[in-house]
Each structure stands twice: as C-alpha cells, then as structure tokens.
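In what follows, a single structure is set out as structure tokens and then discussed.
Scope of the values below: all heavy atoms of this structure, side chains included, with no hydrogens, waters or symmetry mates.
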Amino acid sequence: MSNLFDSDSPTNLAEYSVSELSGSIKRTVETAFDQVRVRGEISGYRGPHSSGHAYFALKDDRARIDAVIWKGTFSRLKFRPEEGMEVIATGKVTTFPGSSKYQIVIETLEPAGAGALMALIEERKRKLGAEGLFDAARKKRLPFMPHVIGVVTSPTGAVIRDILHRISDRFPVHVIVWPVKVQGDGSGEEVANAIRGFNALEPAGAIPRPDVLIVARGGGSLEDLWSFNDEIVVRAAAESRIPLISAVGHETDWTLIDYAADVRAPTPTGAAEIAVPVKAELEAQAAALAARLQGCMNRQMDQRRQSVRGLMRALPSLDQLLALPRRRFDEAAAGLGRGLELNTINKRRGFERIASHLRPDVLSNRIAERRQLLSERMARAERTVERLLDRSKSRIDRAEAILASLPARLKTHTDRSRERIGNLSRHADTAIRHQLTRARAELSAQDRVLQSLSYKNVLKRGYAVIRDEDNRPVSQASALSAGMGIAIEFADGRVGAMTTEGGSAPASAKKRNAKPPEPPKQGSLF
C-alpha cells in the first residue's frame with residue numbers, strides 16, 4: 001500500500017487507488033471470514049455453468065448473499081443443489097473487486113437436517129407419481145425361472161456375495177454383475193446407465209440379456225442412500241423393459257426406486273430369494289407330481305382294462321359269428337350244381353332259337369334285297385354324274401366366250417396403261433429436275449462452308465504449313481531434328497528447306513504425329 005502525501009492536500013489522510021482499496025477490503029474480509037458456516041435457502045440456481053462452476057444465492061427471510069461453487073468442488077459434492085433447498089454451506093467469504101460485491105465460496109454443502117431431505121423426497125415423489133411412473137399398471141411380472149440375472153451393485157461389498165451365495169444355494173443360474181458406485185458423486189448416473197445398458201443388450205448377443213434385474217445396496221443413512229432417490233435412477237427403473245427388483249437398504253429403508261421397481265425386496269438377500277425358486281423344492285414337487293401322474297396312469301389303465309373285459313363279455317363267440325355265413329355258404333354250394341344245369345339248358349334253347357332263323361331261303365331273300373338296293377344307288381350315282389357333266393360343259397362354254405372377247409379388252413387396257421405411263425414419266429422427269437436443282441444448291445452451300453473452313457484461307461493471311469519428308473503436317477518443333485528435309489507450304493505453292501537444329505520427338509509425340517489413314521474417296525453425286 002503506498003502512502004503518498006500531497007503538499008497541496010487540505011488534510012493528512014492517505015490517498016489510495018481504487019485497486020489498492022478493493023484489494024485491502026478483499027484481504028480484510030477473507031482474513032475475518034476465512035471459514036464460516038451459513039444456513040440458508042438456495043435461490044436462483046440454474047445448474048452448472050458451461051465452465052463447470054455453479055453460481056446462485058443463499059437467502060433467508062431478511063437477507064441474501066451470493067454464492068459460488070468452483071468446478072473442482074462441485075464434482076466432489078454428495079448432493080446436487082436444487083432450487084428452494086435449505087442447506088448448510090461451509091466456505092470463506094471473499095469479494096469480487098470488479099463489481100464491488102462480496103460472495104461466499106462454498107467448499108462443502110449439506111442439507112439442513114433430515115427434515116429437508118424428507119421434504120425434498122416427498123416433493124420429488126409427488127412429481128414423479130403425477131407422471132405415472134409409480135402406477136401399478138406399469139409393473140411387470142417376474143419370470144418364474146430366469147436363465148440369466150443381472151445385478152447392479154458394487155463389486156466389492158458384501159451385498160454381491162450374499163446375492164451370489166443365496167442364488168447358488170437356491171437355484172444356480174448365470175449371473176451378470178454390472179459394477180457401479182452405490183454412494184457418492186456420480187453414483188446415480190452409473191446406476192441409471194447400468195439399468196439402460198442391460199436393457200440395450202441383444203437377446204442373442206455375445207453377452208446374454210438378463211431375464212430379471214436386481215438393483216441392490218446395503219443399509220445406511222438417508223444420505224448414504226440418496227443416490228437411489230435421484231430422478232435419473234427412478235426414470236431408468238420405470239423405463240426398464242426387463243423386470244426389475246429393488247433391494248436398497250434394510251426392510252425399513254425406502255427410496256424412490258422402490259416405488260418405480262416392479263418388485264421391492266426387503267434386503268438384497270431377499271431379492272435373490274424372490275428372483276429364483278428353490279431347486280430342491282422344485283425337484284421334490286416334480287417328483288411328487290411324477291408319482292401322482294404314475295398313479296393316475298395306473299388307475300386309468302386298470303379302468304380301461306376292466307372296461308375292455310366288460311365289452312369282451314358282451315361280444316358273441318367266434319362260432320356264433322360264423323354260424324350264419326357258414327350256413328349260407330353251404331346252401332350256395334348245394335345249389336351250385338343245379339344252377340349250372342339250368343344255365344346250360346337256357347343257353348341251348350337260345351342257340352336253337354337263333355339257328356331256326358338261319359335257313360337258305362332267308363339268306364337268298366336278304367341277298368336279293370341287298371342287290372336291288374345296290375342297283376338303285378348306282379342309278380342315282382349315274383344321274384348325278386350326268387348333271388355334273390352338264391354343269392361343267394356350261395362353264396366351259398362361258399369361259400370360251402370370255403376368251404374370245406379377251407383380245408379387245410386387253411387392247412383397251414394396254415392403251416390406257418400406255419397413256420398413264422407417259423404421264424407418270426413426265427412427272428418423274430420434272431421431279432428429278434427439281435431434285436437435282438435442290439441437290440446442286442445444297443452442294444454449293446456445303447462447298448462454300450468447306451472453303452470457309454479450309455486451311456488454305458488461313459495461308460492467304462500469311463501463315464504457312466510445315467510438312468516432313470513423308471508429307472505429314474508438323475505441329476511441334478520437337479518432332480524435327482537437325483538435317484531433316486521439310487516442305488513449307490504457302491498460299492501460292494511449296495518451298496523445300498533443311499532444318500539446322502531441333503530435338504527428337506518423344507515416342508508419344510511421334511505416335512500422335514503419325515499420318516492418319518486416308519478416308520475413303522467419295523463418289524460423285526451425279
């Protein structure tokens with residue numbers, strides 16, 4: 001601090017700069033209030049800043065003081081500050097010279113008694129309950145005999161050992177442990193991520209998806225179990241598609257995850273007992289059911305056997321069943337000889353009736369009738385042929401008349417055709433002349449275009465074309481070598497010359513300068 005005295009000052013007071021005065025106040029305040037405990041209600045809390053620091057205020061019914069929690073301290077807090085929460089803050093009071101304000105830099109933060117925590121839990125419970133996260137309709141039934149059980153707990157505590165021991169005693173199944181922190185900063189996020197991670201597993205993946213989840217922790221104070229009251233944990237438990245058992249604390253300890261879980265277990269060991277049945281009891285029950293099934297089958301077989309015996313007594317004997325068919329067979333065998341004799345007699349009588357009609361006079365009459373019918377048909381056929389011959393002769397006569405008049409008709413048709421051909425020839429000559437005129441005009445236009453694009457017009461403007469010994473145009477100097485004969489073509493003729501210097505052209509250039517094949521000559525249009 002500088003002590004400067006001005007001889008012209010009316011007083012002997014020391015003169016300070018603004019920075020010196022602010023620094024002196026800052027040191028005084030920090031020395032006097034380097035460690036204080038302040039109780040108040042959090043006001044204006046909006047969560048951590050983008051820098052990681054948290055800025056808010058502590059107030060009571062008569063005063064207000066600004067507060068700040070630096071990023072490193074904020075990550076070590078057991079509780080996350082919330083708006084309206086009554087807390088006890090421990091830290092030091094300092095000033096901010098840039099705006100002449102004072103504030104408390106908080107180093108530790110704790111709720112102001114269990115009553116405040118319970119009030120916060122009740123408020124959060126009402127909020128989440130209003131969203132339907134605790135409804136009984138959302139809860140899922142536990143599988144009777146799960147194949148895989150997922151456990152979310154600390155891997156080093158006694159809880160996991162109790163769960164594994166009880167599961168192995170009752171019904172050994174595959175257990176997957178997702179290790180998490182169950183107390184302290186970040187424990188709530190780890191538990192929520194573990195629940196969502198189990199739900200994200202594929203049923204047929206490398207890590208099998210559990211059939212039931214157990215979220216477990218041992219007993220402790222309200223502060224120790226606070227992570228399981230976090231809103232993120234409650235929402236993860238309510239969103240879980242896998243049935244979830246909550247086993248947090250002792251039987252008297254209640255957390256918000258217990259309301260969102262499908263089943264609440266009084267202890268972690270009780271959760272293991274709820275998750276799996278007792279294998280010995282199942283085996284005894286299965287044995288009892290098997291014995292009852294065997295007894296039922298035996299009784300059923302006895303009843304069926306007695307029923308079959310009763311039906312057998314009601315059935316007739318084999319002799320009684322075959323007596324009537326045997327009698328019918330005997331009667332049929334006795335009448336078979338008589339039947340054959342009668343059948344032979346009937347067949348003989350029928351043959352005799354047919355033979356009585358086969359006399360010579362009957363055959364002669366039938367032949368005469370057939371012969372007369374054939375004669376009549378031949379006569380009709382002759383008359384039909386005569387009519388056809390008459391019709392054909394008439395057609396031939398008409399054809400001869402037409403042929404006789406054909407020369408005159410051909411002459412008339414020939415004269416008409418000759419006149420028509422003459423007219424068509426005149427029209428064709430006229431069309432050919434017009435076509436030739438149009439072709440000459442188009443050829444003249446194409447010739448004018450060709451002459452305008454010809455390189456000879458460029459030569460007339462003072463340019464020249466260099467050709468090598470093979471009469472190929474040369475477009476690059478690298479294509480010529482010293483002592484090579486060339487021809488220089490001007491607009492009015494060519495002049496021979498000899499190169500005095502030059503380089504050999506590369507193979508690619510020679511290939512490009514190769515003489516292209518001459519196009520086929522086009523014939524005359526006329």
Smallest separation among heavy atoms of [X] and [Y], with atom names:
| X | Y | answer |
| --- | --- | --- |
| Gly188 | Asp230 | CA-OD2, 3.7 Å |
| Ile242 | Asn199 | N-OD1, 3.2 Å |
| Leu201 | Pro210 | CD1-CD, 4.1 Å |
| Gln35 | Glu107 | OE1-OE1, 4.1 Å |
| Ala54 | Tyr45 | CB-CE1, 4.2 Å |
| Ala497 | Ile488 | CB-CD1, 4.2 Å |

Hey, is Arg235 close enough to Glu231 for a salt bridge, meaning N to O under 4.0 Å?
yes
Given side chains that start at C-beta, do those of [X] and [Y] come closer than 4.5 Å, heavy atoms only?
| X | Y | result |
| --- | --- | --- |
| Asp258 | Phe228 | no |
| Ser246 | Val215 | no |
| Val29 | Lys92 | no |
| Val177 | Ile160 | yes |
| Gln285 | Glu281 | no |
| Ile176 | Phe198 | yes |
| His165 | Thr269 | no |
| Tyr463 | Val465 | no |

More than 12 heavy atoms of other residues, nucleotides or ligands under 6.0 Å from [atom1] of [X]: yes or no?
| X | atom1 | answer |
| --- | --- | --- |
| His147 | NE2 | no |
| Glu202 | CD | no |
| Phe33 | CZ | no |
| Lys59 | NZ | no |
| Lys101 | NZ | no |
| Arg126 | CZ | yes |
| Leu21 | CG | yes |

Distance, nearest 0.5 Å, that separates [atom1] of [X] from [atom2] of [Y]:
| X | Y | atom1 | atom2 | result |
| --- | --- | --- | --- | --- |
| Arg472 | Ile466 | CZ | CD1 | 15.0 Å |
| Ile167 | Ile214 | CD1 | CD1 | 5.0 Å |
| Ser22 | Arg27 | OG | CZ | 10.5 Å |
| Gln294 | Arg299 | CD | CZ | 10.5 Å |
| Arg138 | Ser240 | CZ | OG | 10.5 Å |
| Arg304 | Asp302 | CZ | CG | 12.0 Å |

[X] side chain to [Y] backbone, donor-acceptor under 3.5 Å:
| X | Y | answer |
| --- | --- | --- |
| Thr267 | His250 | no |
| Thr28 | Ser24 | yes |
| Arg494 | Ala487 | no |
| Asn229 | Thr255 | no |
| Ser43 | Ala57 | no |

Are Val212 and Ile274 close enough, and set up right, to give a side-chain contact (heavy atoms from CB on, under 4.5 Å), and what steps lead you there?
CA-CA 11 Å; Val212 65; Ile274 294 174; over 6 Å; no
Just say parallel, tilted or perpendicular for the rings of Trp70 and Tyr55, cut-offs at 30° and 60°.
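It falls in the perpendicular class, over 60°.
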Taking it one step at a time, do Arg217 and Ile257 satisfy side-chain contact (heavy atoms from CB on, under 4.5 Å)?
CA-CA 12 Å; Arg217 189 204 186 282; Ile257 192 176; over 6 Å; no
Is it the case that the side chains of Thr94 and Glu30 hold a donor-acceptor pair, with the cut-off being a distance below 3.5 Å and no angle test?
yes
Quick one, Tyr259 with Leu128, criterion side-chain contact (heavy atoms from CB on, under 4.5 Å). Give me CA distance, side-chain angles, the key distance, then yes/no.
CA-CA 10 Å; Tyr259 297 99; Leu128 298 177; over 6 Å; no
Can you list the steps and then say if Val175 with Leu164 is a side-chain contact (heavy atoms from CB on, under 4.5 Å)?
CA-CA 8 Å; Val175 178; Leu164 294 176; 3.7 Å; yes
